[in-house]
K.L.:
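Below is a structure I'd like to ask you about.
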Amino acid sequence: MAEIPLISVEEAEKIIAALPVTVEREPVPLLAAQNRILAQDITAPFALPEFDKSAMDGYAYISEDRSPAYRVIETIAAGSPPRLAVAPGQCAKIMTGAMLPAGADRVVRRECTREANGSMQITAEDRNRNVRKKGEDLQAGELALEKGSALQAAQIALLASLGLAEVPVARPPRIGILTTGSELAEPGTALGPGQIYNSNSYSLAAQVCALGAEPLLLGSIADNAEETAEAIASSLQKCEILILSGGVSAGDFDYVPAAMKRTGFTLHFEKIAVQPGMPTVFGSCGDKAAFGLPGNPVSTFVIFEVFIKPLLLRLLGHDPRPRLQPAVLAAAFQRSRAERTLFVPVMVTAGRAEIVSYHGSAHLHALSQANALLYIPAGQLSISAESTVNVRFI
Ligand code: AMP
Ligand code: MG
């Protein structure tokens with residue numbers, strides 16, 4: 001059997017990054033926009049604030065006017081425009097958010113005043129102008145939210161304040177998840193001898209969901225060449241990207257790479273110098289792409305984080321951003337071989353990374369105690385305590 005070429009993490013990343021993607025967009029009502037990605041720049045259709053307005057409950061007057069008392073010419077509520085202009089010796093009683101009357105350019109807080117018989121006196125200094133100027137937050141035509149922004153409460157509030165009832169967002173790509181393995185049983189059913197519970201469908205679905213993409217659980221198939229090829233072919237109709245777990249290594253019952261080829265896939269790589277997850281397969285077939293991930297649960301998880309997540313983010317219209325962040329390694333690290341780039345589960349607290357007790361690629365409990373993966377590049381054998389390392393939050 002011909003040796004499968006081993007490529008570096010960076011080469012694999014480049015190959016995946018070269019896959020052309022189209023971001024599909026759809027309009028959604030504002031309330032349905034949470035966790036979605038904005039598919040177009042939004043410019044302010046008008047200025048914010050819309051007009052000069054009071055930032056306090058108080059009295060609007062002319063800032064240069066040092067009269068001992070000011071005649072109150074009207075009361076302006078938020079939502080009702082002023083009727084009169086303020087002249088020297090005059091003021092208008094004004095509520096927070098109400099339109100500033102012509103002539104006035106300052107508001108004295110109610111707490112700094114006394115009003116009696118239609119006349120207001122300033123009793124204490126108010127250092128603030130208490131006026132929100134038209135357009136001081138956003139000018140008409142200014143960029144309000146950039147394409148690719150994640151929409152959460154604050155962004156949704158901004159869009160509402162701009163009067164938008166509907167927003168253009170990226171349509172979530174459908175990500176098919178197909179697990180292989182004759183040993184797999186579903187949580188909630190009884191385990192037979194030699195069986196284990198399928199955890200990869202669930203971790204992958206959760207990872208896909210967390211990005212705002214749509215997971216499609218396409219079931220679990222036994223280790224069988226025919227069935228694997230058939231399942232891949234029928235799954236492809238239903239999704240843009242297909243993720244398979246299991247069946248990619250050198251075992252007697254590992255059929256995924258051959259089944260991908262049989263269904264028309266071109267395989268771009270079948271082996272990455274990474275630990276965990278070395279036998280990862282990536283292929284494309286027309287406008288569809290598929291990943292075959294090694295079944296060990298930590299491998300499946302890590303390969304998704306490192307290689308699949310950036311692709312899904314692109315499909316969702318996010319700008320690709322560097323995912324590695326610096327942290328200080330709490331204790332020294334050593335390994336005996338350094339051919340592969342290594343990802344180790346770590347807990348990062350206040351910028352310090354502690355490696356969790358970790359037995360290898362099946363150790364889900366270790367992963368559940370971690371909030372990041374420590375990135376150790378190929379070629380690096382040891383890291384001393386207190387040195388700066390790169391981590392990738394999960
Ligand atoms: P494979 O990649 O098929 O050789 O599987 C490697 C290891 O991962 C084996 O111990 C499998 O039992 C386990 N495994 C495979 N698929 C899953 C899955 N969906 N959930 C949990 N463990 C799995
Ligand atoms: Mg298997």
Side-chain angles (χ1 to χ4, degrees), residues 1-7 9 11-12 15-16 19 174-186 194-205 207-208 215-309 311-312 340 361-362:
M1 213 163 67
E3 184 78 6
I4 295 171
L6 180 68
I7 67 166
V9 164
E11 281 173 276
I15 291 170
I16 297 166
L19 190 79
R174 283 159 306 175
I175 312 303
I177 297 169
L178 185 60
T179 48
T180 74
S182 301
E183 73 278 32
L184 301 179
E186 286 307 304
Q195 286 196 311
I196 60 160
Y197 285 120
N198 169 14
S199 62
N200 291 345
S201 289
Y202 299 88
S203 61
L204 288 169
Q207 286 171 296
V208 167
L216 258 182
L217 288 175
L218 298 168
S220 220
I221 48 169
D223 293 310
N224 171 299
E226 290 297 320
E227 239 183 271
T228 306
E230 278 164 25
I232 292 175
S234 70
S235 298
L236 271 191
Q237 320 299 323
K238 302 173 190 146
C239 57
E240 277 95 58
I241 306 275
L242 176 62
I243 306 176
L244 291 118
S245 103
V248 289
S249 329
D252 284 356
F253 306 103
D254 289 334
Y255 298 116
V256 168
M260 283 173 72
K261 283 188 201 153
R262 261 179 68 186
T263 19
F265 274 90
T266 302
L267 300 191
H268 305 301
F269 57 75
E270 294 182 57
K271 216 173 177 186
I272 310 172
V274 66
Q275 189 183 0
M278 184 156 76
T280 295
V281 181
F282 173 61
S284 59
C285 174
D287 59 353
K288 311 278 173 143
F291 291 87
L293 312 185
N296 263 316
V298 180
S299 311
T300 304
F301 182 93
V302 168
I303 298 298
F304 181 96
E305 287 298 313
V306 176
F307 297 103
I308 304 183
K309 196 171 177 174
L311 176 61
L312 300 199
R340 296 194 258 167
S361 59

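Computed over heavy atoms, backbone and side chain alike; hydrogens, waters and symmetry mates excluded.
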K.L.:
Report yes if some heavy atom in the side chain of T228 is under 4.5 Å from a heavy atom in the side chain of V256; otherwise report no.
P.N.:
yes
K.L.:
Enter the distance from Q237:CD to L242:CG here, rounded to the nearest 0.5 Å.
P.N.:
11.0 Å
K.L.:
What are the two closest non-hydrogen atoms of A231 and I221, and how far apart are they?
P.N.:
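So the two residues come closest at CB-CD1, 3.8 Å.
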K.L.:
Using every non-hydrogen atom in the two residues, find where A273 and L6 come nearest and quote the distance to one decimal.
P.N.:
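What the structure gives for the nearest pair is N-CD1, 3.5 Å.
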K.L.:
Do the non-hydrogen side-chain atoms of V306 and V274 ever get within less than 4.5 Å of each other?
P.N.:
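A side-chain contact is absent here, since even the closest heavy-atom pair is not under 4.5 Å.
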K.L.:
Sequence neighbours left out, what pairs pass ring pair (Phe, Tyr, Trp, His ring centres under 6.0 Å) with at least one residue falling in residues 277-300?
P.N.:
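For residues 277-300, and leaving out neighbouring residues, the ring pair (Phe, Tyr, Trp, His ring centres under 6.0 Å) pairs sorted by first residue read H268-F282, F269-F282, F282-F291.
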K.L.:
Which is it for D223 and E183 under the side chain to side chain contact (heavy atoms under 4.5 Å, CB included) test, yes or no, and what are the steps along the way?
P.N.:
CA-CA 9 Å; D223 293 310; E183 73 278 32; 4.0 Å; yes
K.L.:
At what distance, to the nearest 0.5 angstrom, does CD1 of I177 lie from CG of L218?
P.N.:
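Result: 8.0 Å between the selected atoms.
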K.L.:
Closest heavy-atom contact between F304 and L312?
P.N.:
CZ-CD1, 3.8 Å
K.L.:
So with a 6.0 Å cut-off around CZ of F253, is the heavy-atom count from everything else above 12?
P.N.:
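No.
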K.L.:
I'd like to check V248 versus L293 (side-chain heavy atoms, cut-off strictly below 4.5 Å). Are they in contact?
P.N.:
no
K.L.:
Taking all non-hydrogen atoms of both residues into account, name the closest pair between A259 and I232 and its distance.
P.N.:
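Scanning both residues completely, I find the closest heavy atoms to be CB-CD1, 3.8 Å.
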K.L.:
Without hydrogens or angle criteria, can the side chains of T179 and N200 be said to hold a donor-acceptor pair below 3.5 Å?
P.N.:
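N200 and T179 do not have a side-chain donor-acceptor pair below 3.5 Å.
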K.L.:
In Å, rounded to the nearest 0.5 Å, how long is the span from CG of L204 to CG of L178?
P.N.:
11.0 Å
K.L.:
Atom OG of S201 and atom CD of E186: how far apart are they, to the nearest 0.5 Å?
P.N.:
6.0 Å
K.L.:
Atom CD1 in I308, atom CD1 in I16: separation rounded to 0.5 Å?
P.N.:
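Reported to 0.5 Å precision, the distance equals 7.5 Å.
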K.L.:
At their closest point, which heavy atom of P257 faces which heavy atom of V281, and how far apart are they?
P.N.:
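Answer, listing the atom of P257 first, then V281: CG-CG2, 4.0 Å.
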K.L.:
Shortest non-hydrogen contact from F265 to K288?
P.N.:
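F265 and K288 have their closest heavy atoms at CE2-O, 4.2 Å.
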K.L.:
Got N296 and P276 here, is their nearest side-chain heavy-atom distance under 4.5 Å?
P.N.:
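No. Closest side-chain heavy atoms not under 4.5 Å.
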K.L.:
With rounding to the nearest 0.5 Å, note down the distance linking CG in N198 to OG in S220.
P.N.:
4.5 Å
K.L.:
Could you give all pairs that pass the salt bridge (charged side-chain N to carboxylate O under 4.0 Å, His left out) test and reach residues 259-275, with sequence neighbours left out?
P.N.:
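Salt bridge (charged side-chain N to carboxylate O under 4.0 Å, His left out) check on residues 259-275 returns E226-R262, K261-E270.
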K.L.:
After noting the C-alpha distance and the side-chain angles of T263 and C285, does the key distance pass the side chain to side chain contact (heavy atoms under 4.5 Å, CB included) rule?
P.N.:
CA-CA 8 Å; T263 19; C285 174; over 6 Å; no
